[in-house]
There are 2 protein chains.
Amino acid sequence: MLTLTQAKPFTSGSDRAVPPPAGLENSSDALSLMGAPMTFSRNEEIYGESEPADYLYKVVSGAVRTYRVLDDGRRQIIAFHLPGDMFGMEFGDAHRCSAEAIGSVTVRVLKRSAVLALADRDSDASRQIWEMTARELQRAQDHTLLLIKTAEERLAYFLMEMHSRLSARNEVNLPMPRQDIADYLGLTIETVSRMFTQFEHASTIGLSGSRRIVLRDRAALNRLSA
Amino acid sequence: MLTLTQAKPFTSGSDRAVPPPAGLENSSDALSLMGAPMTFSRNEEIYGESEPADYLYKVVSGAVRTYRVLDDGRRQIIAFHLPGDMFGMEFGDAHRCSAEAIGSVTVRVLKRSAVLALADRDSDASRQIWEMTARELQRAQDHTLLLIKTAEERLAYFLMEMHSRLSARNEVNLPMPRQDIADYLGLTIETVSRMFTQFEHASTIGLSGSRRIVLRDRAALNRLSA
DNA sequence: CGGCGGCTTGATCGGTCTCAAGTACGGTGG
DNA sequence: CCACCGTACTTGAGACCGATCAAGCCGCCG
């Protein structure tokens, strides 16, 4: 299986094996029934931009980033997908983002055509697909609002968001490196790092290693992320 | 016949006459129900954030802005809605943006509950609603990409987008004031104004009044907006 | 003709980027 | 267990782009 130990090239990997999942059309609750499990290793591409969108995915463990790159190499991370999240559902036939495993990732793979066919005759399934898209839209609009804020506000918002999605008491265990955070927030890695340091110095957070964050003053973070 | 139209990403080249969007005319006739016409005057609110989303709207003439404001007053325009576009469809029961008439606007108003009820028994209608949301999602993601670019790139992109949606040969007649453009692009009004001046000085565009733009060098704009 | 709102222009400020070292960490092999 | 390496992260100094503050200008409508 393809394993990129280094920053991925912009070329899409064509040599990955995608075993189509076996029968999944039989239930009326299509979106929660599980497809075939599949694992990807760190930085491995799950699919590339403008590749045919034949499958959709549900994260079992690990984290996935979807992103787009501009001609000059600037990268914008569109979303992080955590356990329980689905991704890869498109309206058209091609993916509009690339998707990569951040660390080791296990996903379940569903055949898009089967899901669409089901949606055509089951209004509940259809509604679920709509809901999934609508949620992503909300997220995208929130993201837009984020990008007009200051660096401090962006990182505060990010920490609160991650806390709410991963919460273990007052601690957050970030699955992604600083560069991913930077590309998600529209900042440079240096600015992100400085903001972490600034929050720590202000006792707003505590750091044990770069990925393990203790939220010491959630009220302050909340205020900043407004 | 009602077609659920959303802004499509601009395609460089080709002058098109005012867009009868391709692709979804084969909808069920049930969705052709036309709502009651209604007019709003300049800067009049059509609905507010977190109001109940009982209706959706289709622009007949004029232009509408949907936006959200942060606590400190910063405003982010989420989208401009031009003739043919629909807006106001939400997954939840409350609007997530405010909507205002930019100038004089005529819209047709549809009852949300009726559209949803229809979607529940008509898979074509259901699919159309999904498509509408999916297009908005695409737009939102493109918007996100926009916000990581430079001021020059943002304005170039904006002009190309408006051209593709309003195109009259090489001219664009902007329906919105500078402040709206600034709030859409995440810039200040001064920066937007300076960029217009810069483009004019470089003969990339021509200005007759502040709203009427002649695109003198679309190739340059396209290159910049990449 | 006068006033007002929308737009442009200028001067300066400041937040974030850029460029450049330097440091901590996790893995690997001796 | 340690030495080493590469990657991720932090820190610093300086430049730059867009924001801010402040006039001035234009067009429109009374």
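Worth saying up front: this structure is predicted, and the values here are computed from it rather than measured. Chain naming here is simple, since letters A, B, ... match the order of the sequence lines and numbering starts at 1 in each.
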First of B:Arg42 and B:Glu190 reached from the 5' end of DNA chain C, by closest nucleotide: B:Arg42

Ring centre gap for A:Tyr57 and A:Tyr47 strictly below 6.0 Å: yes

Short side-chain N/O contact from A:Thr191 to OP1 or OP2 of C:dC17, under 4.0 Å: yes

Heavy-atom neighbours of B:Arg74 CZ exceed 12 at 6.0 Å: yes

A:Arg178 side-chain proximity, nearest of D:dT10, D:dA19, C:dT16: D:dT10

More than 12 heavy atoms from other groups under 6.0 Å of CG on B:Asp93: no

Touch class at under 4.0 angstrom, heavy-atom based, for B:Arg154 against every strand present: nothing

Between C:dT16 (C1') and A:Glu153 (CD): distance, integer Å: 14 Å

Touch class at under 4.0 angstrom, heavy-atom based, for B:Thr188 against every strand present: base

Distance in angstrom units between A:Phe199 CZ and D:dC9 P, rounded: 17 Å

Distance in angstrom units between A:Leu185 CG and C:dG15 P, rounded: 18 Å

Nearest-angstrom distance from the residue atom CD1 of A:Ile189 to P of C:dC19: 15 Å

Candidate nucleotides D:dT10, C:dT16, C:dC7, ranked by approach to the side chain of A:Ala151 - the nearest: C:dT16

Atom pair distance, as rounded to whole Å: NE2 in A:His201 and C1' in D:dT11: 13 Å

Atom-to-atom span, NZ of A:Lys149 to P of C:dT16 - whole angstrom: 13 Å

Nearest-neighbour nucleotide for the A:Pro177 side chain, C:dT16, C:dT9, D:dC9 considered: D:dC9

Distance, rounded to the nearest Å, where B:Asn43 contributes CG and C:dG5 contributes C1': 12 Å

SB check B:Arg194 B:Glu190 (cutoff 4.0 Å): no

Protein-nucleotide distance (A:Leu207, atom CG; C:dC25, atom C1'), rounded to Å: 14 Å

Side chain A:Arg216, main chain A:Ala202, donor-acceptor under 3.5 Å: no

Shortest side-chain distance from B:Arg194, nucleotide among D:dG18, C:dT9, C:dT8: C:dT9

Nucleotide of C:dT16, C:dT8, D:dT11 approaching A:Leu187 most closely (side-chain heavy atoms): C:dT16

A:Arg211 side-chain N/O to C:dC25 phosphate OP1/OP2 under 4.0 Å: no

Any B:Thr197 side-chain nitrogen or oxygen under 4.0 Å from OP1 or OP2 of C:dT8: no

